Structure formats: structure tokens, C-alpha cells
2 protein chains.
Amino acid sequence: MSMIETLDANGGDVEGSEAVSLHRRILSDISEKILSGAWAPGHRIPFEHELTAEYNCSRMTVNKALSQLAKAGLIERRRRSGSFVRRPQSQAAVLEIHDIRIEVEALGLLYRYERVARHKRRSNVEDRTLLELNAAGPVLVLECRHFAGKRPFAHEQRLINLAAVTEAADEEFLGIAPGPWLIGRVPWSAAEHRIRAVAADKHIAAALDIAAGAPCLVVERRTWSAEHPVTHVRFTYAAGSHMLVARFTPSQG
Amino acid sequence: MSMIETLDANGGDVEGSEAVSLHRRILSDISEKILSGAWAPGHRIPFEHELTAEYNCSRMTVNKALSQLAKAGLIERRRRSGSFVRRPQSQAAVLEIHDIRIEVEALGLLYRYERVARHKRRSNVEDRTLLELNAAGPVLVLECRHFAGKRPFAHEQRLINLAAVTEAADEEFLGIAPGPWLIGRVPWSAAEHRIRAVAADKHIAAALDIAAGAPCLVVERRTWSAEHPVTHVRFTYAAGSHMLVARFTPSQG
DNA sequence: CGCCTCAATATGTATATACATAATCGTCAT
DNA sequence: ATGACGATTATGTATATACATATTGAGGCG
């Protein structure tokens, strides 16, 4: 059970940094010491009762700050021993994947959506692999294109598990793309993304108006809602037309 | 200022779910209601004093749970009005970028590292763009290859800002790759990744033993340590040899 | 009707206190 | 030495309380 969370230390103060609650100040003081390297990994940070004296506050206030640092992974707390600076673990970054319309409009281009194909079928083996389904059931198969200005921007191949999203069976997806349609309608509890580079096959090349064999960025996403597989989608972007950005900013934004 | 954090609701209880602190139970109860869809976006969740009565506990305990839910982005709290379920904002996922040695060994293959080139120079305009440096200064330029078994797995082009990491000037990087060398030595406070697909140019094609023009996945990472740019690295992987995985799991691991 | 003011209300933060729990350390007996 | 055991210690969780702060809603007034 993990969750992405924003640890707002002191609200990104620029000038006039006041009106900051005390536990946030303690938190940002300590994280600054860690991230600047002043307190190296393994360093024991002051005990709660020492910080209590230093900041002239109650232990609860110090505890709140230290607990948050521990959850953020910057420190490790050990009973009877104290709290220690953890060594950086993995290069984990937050990857924000927005709606394609947003991406296109952020480029200052006109967004257009086109549904290429849609049909219902009983899931075959490949569908069940993609959706991680155990039993056969009805699925909706969609193919769409997203345009930025006049040029095709992304190609979308999507499977929707109709057992999980029955209402989708009656939707034509002519006026609205499946992504935005699903968001808000189905609360998703988990998602997995796979990102890779591929060479465009003939079909993709035609859809994106590029040469066959040209490099493409593929982002596949599988989504679950409360243990039920909901959808699998594969977005294909021509190389150069799109780039993913992921950030890690432990404390200074 | 954001940070990746693990919101451990109830520790992923399977059987015998006991010994869970009360505020975690409240937290997981509410997040379950939200993620299952029982409480739709916009729904007002009970007031603190109502939950206080429901769980027969103090307001501080309820507050702790709700504050964490708010920081996790699941709910929004408004004074005088109450707390409301937020609608899913963006498809933010956690992208873990491991050391290449780990990636290779996870495939069951033998890892080998090779330093192709290394030289020091005064940063040129391109270097300063990549590192986001304002002034000129010494940089270390490195080119390396990472092998999986007999085949080249990744090509690495790296710039190190010697003003920020003076010790790197004396390191040959023959026995150790720059990534692991930097980790642990330099506490990094921020990182930005850019991921895209490109066609291999002649140089990359030769280094990775693939055809020129073949699709490649490129991961670029820029790293800062306390406001100072530390390094810029570009990893290039042949299509098919590598794939990135990013996950979002709000509550069910 | 619009505007101001004030009271009511929910959340935000902090305090002092209490007991539980886990880990370590020293002591003592084997 | 070695192992058992209890004291000590730091953190983990929870309580009751207090006041601050933002925002809503009602009432009064021009």
C-alpha cells in the first residue's frame, strides 16, 4: 500500500517566509541539513527531547515533523536508538501522465480526436493477457487517433473490460475519447505503466503519417479499480513529437 | 516542494488484521470508501466530530488520519465547510529508475561496465544548457557502455559539474560507473527525467551494435544537490532491450 | 437590494500528559 | 564466556484541552 504524497515542508517560501507552522519549520530545517549533505547518511539526528529543547516546543510537535520525515523516507526511526539519516534508496520519480488533450493544448496546438474503430467481442487470449483477466468475458476494442493541429499526435489502442464497466457497452466514443470518459466514471485504484521504444509497423506508420520502421514512444497503461481490471491502453507517439517528464523533488521544489 | 511518500494505511493486512493503530484504521476505512467509489468525488466525508463519535476516539486521532488523506491528495479540506473527496487529478505514477547493474542482473545476465572516453574541459554552451549552468566552469565528460552478457545494453553520455563535485576530477571511472560513484557521495535533492524515443545515429548504433536509424529509448536525467547542478546523463537503450515501469497504487499494493 | 458586521463552525496547530512498545544495556547467575 | 532478566530509553499512539484561523450564514443597516 503506497501512495504518492506531497510533503510540503514550508510551502516553498521565497521571500517573507513567515506564518509557517512550527512542525513544518522543524521538518524543513532537518530535511535541508540532510539534503545539503551536512548530515550524511547514517548520521543520528537529535533525539525528540533535544529538539524539544532546541525549538522550545512540545514533543508532539517534534514527533509530527520526524514522523513525516520518516514516512517520506529521509530518515529511519529506531526505538531506543534514535533517528538516522537514510541513504538514498532508489531513483524514484513522479511521472505525471496527463490527458492527451491537455498535452496538445499545452503545446498551443488545436486538439482533435477521431475514433477509428470500435467493436465488441468476447475476450481472446491476448486480450486476457493484456487485461490480466482470468476468465473470458465481453471486451470493447477501440482504436483512436489524437491530432495536434493537422498532424496526428498519438495513436490509441484500447481494451475495456465490459464486465467491470458495463456502461461502456452503450457508448460510441465518437464525441469523447475513452480516457476522459473513464476518468470520473470509474474510480481507479491502481495503474501500471510500461514505457518503451519501438519501430512503427505499417499500421501505426499509416495512422501517424510516418515512415514504417520509424522510432516511436509507446506508453502502455493498465488500470484497476478495486481489484478489477478496467482497461488496457497503448499510446504510440512518433519520436520527436512527445517526451515524458518525471521529477523527483524531495524538498526544494 | 513535493516528495514521494508511502502512505501505509493498514500495512496491507491480509489475515488477522489487528494491532493496527486507530488513525491508520480510520485512514484505510475512508480511503477504501473513496477508491471503491462508494464516496464519489465531491462527496462530503463526515466531520471530524462525527468520526470522533463513530470511532469513539479523540479529535486529534481523527485529525491525524484526515490530514494524511489530504496530503495524499485523496481529499480536500475546507475550513468551516468540511472535507471532500477530490476528483482524480493526474495520472501520477512512481517511476523507479534503478542502477543499470541491478537492471541487468535482474535479467539474470552478467553485468560488465566499460569506460569509453573521459576528458575534462571548460563547459561550452551546450554543456551549460544541459546542466542548466549560468557561468562557465570545469566539467567532466564521460562516455560509457554497460553490457548485459556479451551484448551492449546501454550507452551512457554524462556531464559532471566539477564545480559541484570536485573529487570527480581525480576519478578515472575505469572500475566503477559514474552513477554508483555519485550516489552516496553526493546527496541529490532533485532530479528531472526526460524520456523519449529516438533513431540511433551512427555513433550510438556502433556503440550498441545495432543498425543506424533503429529505434532507441533515451532516458535523460539531470540531478541537483541543494540548488547546484551536479550531473546530466543520457542513457540510450536499443528498442526491445529495455522498458520502464511506473506504478500507481493508492491503496492496494 | 447590497454591504457590513458578527457569531457560529470546522479545520489547523500546539500543549501537557499518559501509557504502550521495542530495543539496548548492565547486572547477575549459571 | 554466556544467557536470562530487568531497568532504561526513545519512539509510537492516544487523550483532553486550548486557542488560532478561515469561511459561511444570518442579521442589521444604509
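A quick note: this is a predicted structure, and the numbers were derived from the prediction, not measured.
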Checklist line | For DNA chain C, the residues among residues 44-59 of chain B that have a non-hydrogen atom under 4.0 Å from it | finding: B:Phe47, B:Glu48, B:His49, B:Arg59
Next item on the list: Measure from the side chain of B:Arg24, starting at C-beta and using heavy atoms only, and say which of D:dT13, C:dT13, C:dG12 lies closest.
Entry: D:dT13
Expected rows: protein N/O vs nucleotides 22-24 of chain D N/O, under 3.5 Å:
residue, atom, partner, partner atom, Å
D:dT24, O2, B:Arg80, NH1, 2.5

Checklist line | A:Tyr237: ring-ring contact (aromatic ring centres under 6.0 Å, His included) partners, not counting sequence neighbours | finding: A:Phe153, A:His242
Margin query: How many whole angstroms separate atom CG of B:Leu69 from atom P of C:dG12?
Written below: 12 Å
Margin query: So, using side chain to side chain contact (heavy atoms under 4.5 Å, CB included) as the criterion, who are the partners of B:Ala246 when residues are at least two apart?
Written below: A:Leu95, A:His193, B:Ala93, B:Leu95
Checklist line | Counterpart residues, ring-ring contact (aromatic ring centres under 6.0 Å, His included), relative to B:His43 (two or more places apart) | finding: B:Trp39
Item checked: Spacing between B:Lys64 atom NZ and D:dT15 atom C1', to the nearest angstrom -> 12 Å
Checklist line | Spacing between B:Glu76 atom CD and C:dA10 atom C1', to the nearest angstrom | finding: 14 Å
Margin query: I need the minimum non-hydrogen distance between B:Pro178 and B:Tyr113, along with the two atoms involved.
Written below: CD-OH, 3.6 Å
Check: What is the distance from NZ of A:Lys71 to C1' of D:dT11, rounded to the nearest Å?
Finding: 16 Å
Side-chain donor-acceptor distances from residues 44-52 of chain B under 3.5 Å, at least two apart:
residue, atom, partner, partner atom, Å
B:Arg44, NH2, B:Glu50, OE1, 3.2
B:Glu48, OE1, B:Arg59, NH1, 2.4
B:Glu48, OE2, B:Asn63, ND2, 2.9
B:Glu48, OE2, B:Arg77, NH1, 3.2
B:Glu48, OE2, B:Arg77, NH2, 2.7
B:Glu50, OE1, B:Phe47, N, 2.7
B:Thr52, OG1, B:Glu48, O, 3.0

Checklist line | Which residues share a ring-ring contact (aromatic ring centres under 6.0 Å, His included) with B:Trp224, sequence neighbours left out | finding: none
Item checked: C:dT11 OP1/OP2 closer than 4.0 Å to side-chain N/O of B:Ser83 -> yes
Item checked: Shortest non-hydrogen contact between B:Ile34 and B:Ile75, atoms and distance -> CD1-CG2, 3.6 Å
Next item on the list: Check every strand shown and say whether B:Leu66 touches a base, only sugar-phosphate, or nothing at a heavy-atom separation below 4.0 Å.
Entry: nothing
Check: Residues two or more places apart in sequence or in another chain: which of them pass side-chain hydrogen bond (donor to acceptor under 3.5 Å, both in side chains) with A:Asp29?
Finding: A:Tyr55
Using residues 179-187 of chain B as the side-chain source, report each donor-acceptor pair under 3.5 Å to any protein atom, sequence neighbours left out, with the distance given to one decimal.
residue, atom, partner, partner atom, Å
B:Trp181, NE1, B:Glu171, OE1, 3.2
B:Arg185, NE, B:Trp181, O, 3.4

Note to self: If I take atom CG in residue B:Asn63 and atom C1' in nucleotide C:dT15, what distance separates them, rounded to the nearest angstrom?
What the structure shows: 14 Å
Notebook entry, point to check: For the pair made of CE in A:Met60 and C1' in C:dG12, what is the distance, rounded to whole Å?
Noted result: 14 Å
Item checked: Nucleotide D:dT13, atom C1' - distance to CZ of B:Arg25 in whole Å -> 15 Å
Notebook entry, point to check: In whole angstroms, how far is the P atom of D:dA18 from the CG atom of A:Leu22?
Noted result: 21 Å
Item checked: Side-chain N,O (A:Thr61) to OP1/OP2 (C:dT15) below 4.0 Å -> yes
